[in-house]
2 protein chains.
Amino acid sequence: MKRIRLIVAYDGTGYCGWQVQPNGITVEEVINRGLSRLLGEQIRIIGASRTDSGVHALGNVAVFDTNTRIPPKRISYALNQYLPEDIVIVRSEEVPADWHPRYCSSVKTYEYHIFNAGVPDPTRRRNTAFVSYPLQVEDMRRGAEFLKGTHDFASFCNIKTSVEDTVRTIYDLEILVQGLPGGGDWEKGREITIRIRGNGFLYNMVRIIAGTLLRVGRGYYTPEQVKEILEAKSRQAAGVTAPPQGLLLVGIEYRDAACL
Amino acid sequence: MKRIRLIVAYDGTGYCGWQVQPNGITVEEVINRGLSRLLGEQIRIIGASRTDSGVHALGNVAVFDTNTRIPPKRISYALNQYLPEDIVIVRSEEVPADWHPRYCSSVKTYEYHIFNAGVPDPTRRRNTAFVSYPLQVEDMRRGAEFLKGTHDFASFCNIKTSVEDTVRTIYDLEILVQGLPGGGDWEKGREITIRIRGNGFLYNMVRIIAGTLLRVGRGYYTPEQVKEILEAKSRQAAGVTAPPQGLLLVGIEYRDAACL
């Protein structure tokens, strides 16, 4: 028996999120089905991050156990033949039998992509949140500063969760601005990326941070209010949850030697 | 009677191209239908560029005549309510009654987007051509130099066309390289953009140029062979037509004072 780790990329548009559920097709379910067909065994993967409906990933992580003789590094190629084009296995490799994608300490990187322009760009609608109000990026950056470090992020956690410890650490939170094909004027718009690295994220945390920083960018909140929102430790205090299609799980790094 | 010009953006994935045709739904048809409903008149737009199935646009141009009392600049907002989310009217404005999007001298800008990485990125599959071979960008740039200027581009024209004059002028042809979310290493890939500006393009010309430069990037052709291909004036000489989803019509500038 071998334990195999998969690095998984997907366009989440067509899926009801990662985790198997009764209401619709999920990424986990499609991979389970592909693996079971490929290997002739009943496979159930364990994922690191249970992304929401419509959220994308370049580097989610999953594991499963198998008796296959296919060399571990070849499984990704073979499995991709059994998957639709909106799910791609980036890499596969053997890990120790007790390696678990959620019990090992890790650093996750997410990006929240905003298309900020006078009119929407239909070619970007699946991967960005569209905001037609010209955002004050410098204010967003000042507001973001208050979120860096170790804090109780209770204000940035969906209340539909049972997690008790809402303390997390954000190592980096940067806001990047990019022009678009054709130049950088306002009509053509710009893409604003909130890039965030942390040791773990609460349910909807990145999307609530994005929704809160969007309000700072629009002038609803001052940058200093982000500090007050954090201190309030109440979901009521923060901005709305930004829409799912802007969110991208970029990758997960495992840091402990025992977990590499 | 007023003549209205529209700037049109679309995600071409779900369409059989721009031009109305019997085999499937087209961008032109959907806009005609939306306009006819909005204005209560039978409208048939005239487009500047009849993009192929699967090709995208940020700035295609179309005109139509109407008796509506809706202010010209407001038509874009109103019409967007009648269109699906993969077609967006960026701008609308009145033009002289004899203004025609194809009879006025113009400069068109296209981009051909390539995702160059070890494995495909599912979130980019609709807007890029995937190439897993590490492309030699400097060779592509050297090959591209031969295409700049005024030439007979017969080698870069789909033979299914009746056009007689195959001389065109390319003002700029640059090849841009961008890292991707998460950094620029090979596993995460890079996006290579062939950006081209010219006074007109033959049927499939940009895609055949892209296909030819891709062969240079892979080492099938030397950069100098691009000059020979151009001089051969035969479609047989050039590379394959690169796939449609990589192509984006960025915009069209009209230059003659009479055509502004």
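We name chains A, B, ... by the order of the sequence lines, and we start the count at 1 in each one.
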From A:Arg126 atom CZ to B:Arg126 atom CZ, the distance as rounded to the nearest 0.5 Å:
3.5 Å
Check whether more than 12 heavy atoms from other residues, nucleotides or ligands sit under 6.0 Å from atom CZ of A:Arg102, and answer yes or no.
yes
Could you check if a side-chain atom of B:Asp121 sits within less than 4.5 angstrom of a side-chain atom of A:Val88, using non-hydrogen atoms only?
no
So what's closer than 4.5 Å to chain B heavy atoms on A:Asp86: side chain, backbone, both or neither?
both
More than 12 heavy atoms of other groups within 6.0 Å of B:Tyr171 OH
yes
Using non-hydrogen atoms and a 4.5 Å limit, figure out which bit of B:Leu176 sits close to chain A: side chain, backbone, both or neither.
neither
Closest non-hydrogen atom pair between B:Thr123 and A:Ala57, with its separation
CG2-O, 4.5 Å
